[in-house]
Amino acid sequence: MKQFTSVHDVKDIDKLVADALAAKANPFANKKLGENKTMGIIFLNPSLRTRLSTQKAARNLGMETMVMNFGGEGWNLETEDGVVMNGNNQEHIKEAAAVIGQYCDVIGIRSFPSFEDREKDYQEKILKDFIKYSGRPVVSLESATRHPLQSLADLVTITELKKVERPKVVLTWAPHPRRLPQAVSNSFAEWMNKADVDLVITHPEGYDLSPEFVGNAQVTNNQDEAFEGADFVYAKNWSTYEPYGQILSQDPSWTITEEKMALTNQGKFMHCLPVRRNVIVSDGVLDSDSSAAIQQAGNREWAAHAVIQEILRGL
Ligand code: SN0
């Protein structure tokens, strides 16, 4: 694997899930693989799970890690081509990526959408420029449109917890006070389209995701109907795709409660975290045995492990 930016970079997702579960059972089996190799872990936005799980995974594989936050610590990055750099941005992404590539064998990068221009966000310019100018394999640590390490951890968690061969998986919108990216939801839908599950997406009117991510999922604006018989309920807020980046609803009737979970087939609640308690999900659900959120977060380490391992094998 030369890069990990979406499910489309993965030849065999079942094998990647199996690799993640094997790493979980035996974390240090491949400690020699990354010896004398360095992973640069670069953040243009905040992070808890991604930062720690990626470092942990790289170290389990014997790598050195260097973490850098650009917000506040790095120079302000210029990402436009051909600009006269006489403003506040001190360093161009062309040099920044190329220099990081001098020090690192593998690079992870997080860059959220700017929400200024949908075309630009969906073109993934920052991620693509890092691939182009660093000359190194690049792992997405959440880009403008996707969060593939999260989605892989989600699939690992579903694999561990499923009670039927082909579970019903519901991706549900839930309210939130801020304008959030579509990345986690897009990516989850994209991975579930490739997995052996029945995917239903439910959201209020006006919150349709881009069709390229919805794929073959069934879509409904009736959350209660979607929850019937669900084995997994994956909650996430996202802002609108069309028109881009709007908050159309904060309807509290979409919050995931114990009453809603009672409609499911003793379903498991899932969320990528961080989660706004009693906005996205009630305390009762999040603190119950039906919540898989902490297990998902734990599986981030094994998802990162499987991906970095595959990249190291291709070096
Ligand atoms: C990010 C998102 O893409 O939705 C990261 C999720 C892994 N989440 C947030 O930015 C939440 C921030 C908030 O205000 O709750």
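Indexing begins at 1, ligand by ligand and atom by atom, following the structure's order. As the structure is a prediction and not an experimental result, all values here were calculated from the model.
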Can you give me a line-by-line list of nitrogen or oxygen pairs between ligand 1 and the protein shorter than 3.5 Å?
residue: ligand 1; atom: 3 (O); partner: Glu142; partner atom: OE2; Å: 2.6
residue: ligand 1; atom: 4 (O); partner: Lys236; partner atom: NZ; Å: 2.7
residue: ligand 1; atom: 14 (O); partner: Arg178; partner atom: NH1; Å: 2.7
residue: ligand 1; atom: 14 (O); partner: Arg276; partner atom: NH2; Å: 2.5
residue: ligand 1; atom: 15 (O); partner: His176; partner atom: NE2; Å: 2.9
residue: ligand 1; atom: 15 (O); partner: Arg276; partner atom: NE; Å: 2.8
residue: ligand 1; atom: 15 (O); partner: Arg276; partner atom: NH2; Å: 3.4

Discussion item. Please check this pair: side chain of Ser290 against backbone of Phe269, looking for a donor-acceptor N/O pair closer than 3.5 Å.
Written reply: no
Worksheet item: Which class fits the ring pair Trp238 and His203: parallel under 30°, tilted 30 to 60°, perpendicular over 60°?
Response: perpendicular
Item to complete: Return yes when atom CD of Glu160 has more than 12 non-hydrogen atoms of other residues, nucleotides or ligands closer than 6.0 Å, and no otherwise.
Response: yes
Item to complete: Give a yes or no on whether Asp81 atom CG has more than 12 heavy-atom contacts from other residues, nucleotides or ligands under 6.0 Å away.
Response: yes
Worksheet item: Is the count of non-hydrogen atoms from other residues, nucleotides or ligands lying under 6.0 Å from Asp12 atom CG greater than 12?
Response: yes
Practice prompt. On the 0 to 90° scale, with breaks at 30° and 60°, tag the Tyr207-Trp173 ring pair as parallel, tilted or perpendicular.
Written response: tilted
